[in-house]
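Read the structure below first, then the notes.
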Amino acid sequence: MPELPEVETVRRGLAPVMEGMRITAVEQRRADLRAPFPERFVERLRGQRIDRLTRRAKYILVGLDGGETLVLHLGMSGSFRIDEETPGQFHHPRSNNPSHDHVVFHLSNAIRVTYNDPRRFGSMDVVRTAELAADPRLSQLGIEPLGADFNAQALARVCAGRSTPLKAALLDQRLIAGLGNIYVCEALWRAKLSPWRGAGAIARKDGTPGLRARRLAEAIGAVLAEALEAGGSTLRDHRLANGALGYFQHHFAVYDREGSPCPRAECSGIVARVVQNGRSTFFCPVCQR
DNA sequence: ACACTATCCTGCAGGC
DNA sequence: TGCCTGCAGGATAGTG
């Protein structure tokens with residue numbers, strides 16, 4: 001799935017065509033994705049004017065003028081496609097098999113926004129905006145790593161006292177919200193920290209940040225910022241070719257690079273793959289300690 | 001409270 | 001060529 005940078009890229013791609021527009025019709029082509037659609041899904045959206053698109057962790061929040069918010073999650077394989085409301089539709093090669101087009105939003109600007117999700121791990125829900133903050137999916141989320149209050153101190157605080165490996169801690173959305181398997185691997189590599197190291201070891205005994213917490217916080221920020229930058233350029237390119245939003249090509253230092261030399265010039269290590277909590281971890285056993 | 005597993009689903013790559 | 005296996009960017013219910 002799209003992790004935070006991909007989700008933010010999708011939000012930035014959708015916002016200009018959706019904000020301020022009215023939803024004229026919704027095609028809901030099945031009863032569920034990962035979870036059932038909410039009651040009266042189509043009726044609650046039809047006729048609503050879209051206020052603003054925001055993001056919290058990997059959720060896209062579509063504010064509606066009637067006091068409700070459409071809560072979107074792309075799961076592992078969700079993507080959106082933007083196209084004009086014209087009859088002659090064209091197919092995108094691969095990955096956009098039209099049989100996985102589960103929801104189509106028709107907008108007042110004659111734009112059609114189609115949600116495609118082969119694995120159907122994504123979700124769509126409609127929640128009263130006033131109750132959004134109390135929604136368990138959002139209220140349990142940890143620090144926003146691109147937010148103003150994310151720093152070494154905040155990172156040390158959530159890691160302090162935990163014996164679970166750093167890899168698992170960084171994937172835990174209740175501690176830090178938005179990282180996924182790729183960017184956790186990339187951030188740990190950048191910070192030269194072993195994925196096996198206990199999370200608590202990056203904080204001092206009193207919970208204040210040490211050198212490792214500072215390195216890791218910097219690495220997380222940098223890795224996400226670079227990915228966002230890559231997403232931004234892909235967005236511009238994609239906009240010309242087709243309207244597909246969801247994934248973009250980005251070069252990774254260690255993710256999916258088992259057997260390749262560690263990209264750090266001064267390091268002679270070879271990228272290894274291990275499994276932690278059932279997920280692949282890619283790392284350099286030489287420079288990550 | 002915490003940590004770990006199994007599971008939802010389809011597509012694709014690799015081995016035979 | 002086809003068949004089989006394992007694996008994939010996530011979240012969460014269930015277990016110990």
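Both backbone and side-chain heavy atoms feed into the values below; hydrogens, waters and symmetry mates do not. All chains are named by letter (A, B, ...) in the order of the sequence lines, taking the proteins before the strands, and each is independently numbered beginning at 1.
Residue Ser123(A) is classed as having no contact, given no heavy-atom separation below 4.0 Å to the nucleic acid. Across all strands shown, Arg273(A) has heavy atoms under 4.0 Å from sugar-phosphate atoms exclusively, and none from any base. Residue Tyr255(A) is classed as a sugar-phosphate contact, given heavy-atom separations below 4.0 Å to backbone atoms only.
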Query raised in the report: Quick one: what's the B/S/- string for nucleotides 5-10 of chain B, heavy-atom cutoff under 4.0 Å, read 5' to 3'?
Result: S--BBB

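Residues passing the ring-ring contact (aromatic ring centres under 6.0 Å, His included) test with His250(A) are Phe252(A), sequence neighbours excluded. Every residue two or more places apart in sequence or in another chain that forms a salt bridge (Lys or Arg N to Asp or Glu O under 4.0 Å) with Arg44(A) is listed here: Glu68(A). Judged as a salt bridge (Lys or Arg N to Asp or Glu O under 4.0 Å), and not counting sequence neighbours, the contacts of Asp32(A) are Arg30(A). For Tyr183(A), there are no ring-ring contact (aromatic ring centres under 6.0 Å, His included) partners at least two apart in sequence or on another chain. Residues meeting the salt bridge (Lys or Arg N to Asp or Glu O under 4.0 Å) test with Glu8(A), sequence neighbours left out: Arg11(A), Arg12(A), Arg55(A).
Screening residues 31-56 of chain A for ring pair (Phe, Tyr, Trp, His ring centres under 6.0 Å), with sequence neighbours left out, gives Phe37(A)-Phe41(A).
With pairs defined as Watson-Crick or G-U wobble and both atom distances under 3.5 Å, the stems of at least three pairs that touch DNA chain C come out as B:2-8 with C:10-16, B:10-16 with C:2-8.
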Per-pair distances, 0.1 Å, donor-acceptor, side chain in residues 256-264 of chain A, under 3.5 Å, sequence neighbours excluded:
| residue | atom | partner | partner atom | Å |
| --- | --- | --- | --- | --- |
| Arg257(A) | NE | Ala253(A) | O | 3.3 |
| Ser260(A) | OG | Arg257(A) | O | 3.2 |
| Arg264(A) | NH2 | Trp189(A) | O | 2.4 |

